[in-house]
Amino acid sequence: MLILKPIIRLPAVITLVLLYGCAGSPEKPQQPDTSPVSVKPADVKQKSKAKEAATSIDPDVLFMLLTAELAGQRGQYDIALEGYMEAAKRVHDPRFAERAAMIAMYLKDGGKLNEAVKIWLRQDANNITARKFAALAALKAGDKAAAASHIGSLLKNDPAGFEKSVLELATVLQKDNKATLIFDVLDDVSSQNPGQATVYFVQALLATQMNRPELAEAKVGQALRIQPDWDRALMLQAQLAMYSGDFNKAKEVLKTAALRFPEDNKIKKLLAQVLIKAKAYDEAVGIYQAILKANPKENDSRMALGLVYLQKDNLDDAEDVFTQLLKEPEWQAQASYYLGKIAEQQNDVDGALVWYDKVTDERLVFEAGISAIGLLGKDKQFAQAEARLASLAKKYPKQKLRLLLVQSELLNQQQQYGKAFNILTNALTDLPDEKELLYARALMAEHIGKLDVLEADLKKIISKYPDNAEALNALGYTLADKTNRYQEAEGYLQRALKLNPDEAVILDSYGWLQFKLGNMAKALDYLERAYAKQQENEIAAHLAEVLWAVNQKDKAKKIFKEAFKESPDDHYLLEFKARVLDKAE
């Protein structure tokens with residue numbers, strides 16, 4: 001089968017970067033703070049009255065500060081740095097060293113930064129920000145011993161903020177391609193501070209950022225050996241299991257955690273998400289219902305429950321849930337959007353359009369508009385669909401590519417294949433490697449007999465994305481259906497099957513190839529499995545033809561009649577009728 005049919009899918013379950021986020025750094029360096037720092041006797045810490053007199057009224061010091069402040073306001077940061085550095089040396093006030101360190105960081109002056117931080121820590125040894133600066137300077141210089149010392153100090157003096165501090169450092173170091181260095185430094189920190197589970201936990205988070213899930217699993221395991229009942233570590237362990245596809249392990253971890261922390265809804269929600277990924281929808285429904293029974297205001301769980309019902313095709317219960325959410329202003333847009341999806345599945349075109357038009361949240365207006373256009377196209381209300389498309393194009397000029405693909409699909413539905421082909425070809429002039437454009441043009445090329453273009457476009461996609469099952473299937477099916485290059489077709493389709501062994505349209509393509517090869521039993525097996533998963537018209541036509549060929553004609557007629565009753569204008573069914581059934585009468 002050449003065309004893959006879209007299905008409603010649930011939102012992505014989780015992104016494995018950080019459990020609760022971390023503070024980032026700006027893309028462009030912020031200008032250092034050079035606002036005036038007033039010098040008053042009460043602000044300056046003295047060890048003697050003689051020193052107080054010397055520092056608080058010393059005209060040289062005041063002149064340095066005034067010069068530094070004016071230079072900073074004028075953007076003359078090198079002069080400002082010198083002034084604050086000299087003031088920091090002569091006045092026992094850590095604010096001046098802090099200001100000097102910030103300016104040195106901005107100017108990327110490593111020497112001055114180290115000097116300023118040393119003064120800062122000498123004057124305020126327990127200052128967390130100073131330790132961060134010192135750790136960052138050491139990491140940038142590649143001094144692992146100094147970095148471990150400063151990070152160890154952060155662990156000792158600010159254990160609650162340790163995770164955030166280290167992740168802030170890691171974010172900054174990513175720009176210098178030294179993100180892995182901090183992971184290695186934490187090995188030294190852990191050896192110097194045995195029994196600190198938080199160090200291993202932070203390493204696990206860093207390993208996920210480094211895309212090393214096995215290392216992350218090992219580190220979170222070390223954290224849990226020290227602190228077995230740590231809820232966040234258990235959640236991370238489950239997330240990593242999900243990431244690797246081990247849903248059974250993720251379920252086991254989260255079910256155990258849910259028993260230990262029965263009031264923790266975050267664990268329950270993550271468990272529900274794992275169950276959804278494992279297609280254990282009924283269990284997920286039970287969890288969301290329990291959460292809502294305990295707290296009816298948990299509307300994010302209510303929305304998730306509605307989506308699970310939708311995934312199960314339990315439209316009545318889904319409709320009830322989304323109707324309840326209409327009462328909550330912050331959820332009205334999403335509820336209206338999904339009520340539109342339900343009406344669309346119920347073939348209530350007018351009702352679906354009403355719901356889509358009620359979506360006013362800017363984050364969903366475009367998607368609702370695209371859904372409305374797709375619905376009108378399926379209902380052959382092409383004039384209205386094109387009017388809405390033109391309106392969206394004016395409102396969302398940055399969505400040009402997406403809208404162009406929608407336009408080509410509308411033309412495809414009207415069998416204006418040549419026009420769609422030309423539009424896509426023109427678009428490829430500016431975006432020659434755009435995967436979606438290449439695939440869409442390949443489909444149009446098949447309709448107008450340009451198999452050389454189809455093959456070239458799909459091979460271009462496959463060369464860049466060798467695991468693109470959609471392109472592999474489309475090319476394999478076309479070679480099987482339109483040529484006698486069956487060996488090549490089988491190679492592409494076997495690759496597609498390996499990637500998505502349960503995808504109905506790929507099973508259909510492979511079954512059709514086996515029919516072409518004369519392997520009737522194998523063809524029937526694959527096509528029946530495909531049809532059991534998806535009662536799509538092209539699959540029905542293929543299955544009916546194979547059944548007819550193996551003399552199961554009554555069964556072939558039954559499948560054809562059921563499909564034809566729902567879609568009397570379908571191209572594939574009409575073609576099978578004319579070529580096989582009509583000739584048999």
Side-chain angles (χ1 to χ4, degrees), residues 1-17 207-217 239-250 273-274 276-279 401-402 405 409 424 427-428 431-446 451-483 485-514 526 529-530 533-534 536 538-539:
M1 177 177 288
L2 186 59
I3 301 175
L4 290 177
K5 303 294 182 183
I7 61 172
I8 296 177
R9 297 193 184 277
L10 292 174
V13 172
I14 197 114
T15 300
L16 268 176
V17 179
T208 64
Q209 291 181 319
M210 295 155 55
N211 198 26
R212 297 182 63 184
E214 292 182 0
L215 181 58
E217 288 177 20
Q239 287 175 307
L240 290 166
M242 287 174 63
Y243 184 83
S244 65
D246 190 347
F247 298 121
N248 288 329
K249 180 180 178 180
Q273 292 171 349
V274 171
I276 290 167
K277 291 289 285 185
K279 299 183 179 179
L401 174 61
R402 180 95 177 269
L405 291 168
E409 177 57 24
L424 293 165
L428 281 164
L431 299 167
D433 298 320
E434 185 60 51
K435 179 176 61 176
E436 288 79 7
L437 290 175
L438 287 166
Y439 187 78
R441 187 174 71 166
L443 300 184
M444 296 308 110
E446 189 267 341
L451 295 187
D452 55 334
V453 176
L454 176 146
E455 185 173 349
D457 285 350
L458 293 177
K459 283 184 174 179
K460 190 171 185 178
I461 295 172
I462 293 167
S463 67
K464 193 170 184 179
Y465 306 98
D467 291 338
N468 188 301
E470 189 176 38
L472 289 165
N473 175 65
L475 182 54
Y477 174 77
T478 302
L479 292 175
D481 189 55
K482 302 294 183 182
T483 75
R485 294 159 59 186
Y486 299 137
Q487 187 173 357
E488 289 180 64
E490 187 154 26
Y492 289 119
L493 292 176
Q494 284 178 342
R495 287 168 61 184
L497 275 172
K498 187 175 181 180
L499 291 165
N500 290 327
D502 296 321
E503 184 67 58
V505 290
I506 300 176
L507 292 169
D508 170 74
S509 296
Y510 195 71
W512 191 242
L513 169 66
Q514 296 308 312
Y526 276 90
R529 285 161 55 192
K533 291 179 178 295
Q534 186 173 328
E536 202 273 336
E538 188 176 1
I539 300 176

Would you give the length of the straight line joining atom [atom1] of [X] to atom [atom2] of [Y], rounded to the nearest 0.5 angstrom?
X    : Y    : atom1 : atom2 : value
E214 : S244 : CD    : OG    : 9.0 Å
L438 : L443 : CG    : CG    : 11.0 Å
M444 : Y439 : CE    : OH    : 10.0 Å
N473 : S509 : CG    : OG    : 3.5 Å
N468 : L475 : CG    : CG    : 11.0 Å
I462 : E470 : CD1   : CD    : 11.0 Å

For [X], all residues meeting side chain to side chain contact (heavy atoms under 4.5 Å, CB included), sequence neighbours excluded:
X    : result
R212 : M210, L215
R485 : E455, K459, L479, T483, E488
N500 : A469, E503, I506

**OP:** Take D508 and Y526, measure what side chain to side chain contact (heavy atoms under 4.5 Å, CB included) needs, and give me the verdict at the end.
**Re:** CA-CA 6 Å; D508 170 74; Y526 276 90; over 6 Å; no
**OP:** Could you list the residues that satisfy salt bridge (charged side-chain N to carboxylate O under 4.0 Å, His left out) with K482, not counting sequence neighbours?
**Re:**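 Result, salt bridge (charged side-chain N to carboxylate O under 4.0 Å, His left out) vs K482: E446.
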Original post:
L472 versus L499: any side-chain heavy-atom pair under 4.5 Å?
Top reply: yes
Original post:
Are side-chain heavy atoms of L507 and L497 found at a separation under 4.5 Å?
Top reply: yes
Subject >> Selection residues 431-444 - residue pairs positive for salt bridge (Lys or Arg N to Asp or Glu O under 4.0 Å), sequence neighbours left out >> reply: D433-K460, R441-D457
**OP:** Any pair with a residue in residues 490-500 that passes salt bridge (Lys or Arg N to Asp or Glu O under 4.0 Å), sequence neighbours left out, goes on the list, sorted by first then second residue, please.
**Re:** none
Of all heavy-atom pairs between [X] and [Y], which one has the smallest distance, and what is that distance?
X    : Y    : result
A445 : L454 : CB-N, 3.8 Å
A530 : A504 : CB-O, 3.4 Å
R529 : P501 : NH2-O, 4.5 Å
A489 : G476 : CB-O, 3.3 Å
L240 : P213 : CD2-O, 4.4 Å

Original post:
Q534 side chain to E536 main-chain N or O, any donor-acceptor pair under 3.5 Å?
Top reply: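 A pair under 3.5 Å: no.
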**OP:** List for me each residue that meets ring-ring contact (aromatic ring centres under 6.0 Å, His included) alongside Y492, sequence neighbours excluded, and say none if there are none.
**Re:** none
**OP:** Name all residues meeting the side chain to side chain donor-acceptor pair (under 3.5 Å) criterion together with N211; count only those two or more places apart in sequence or in a different chain, and write none if there are none.
**Re:**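 By the side chain to side chain donor-acceptor pair (under 3.5 Å) rule, N211 matches Y243.
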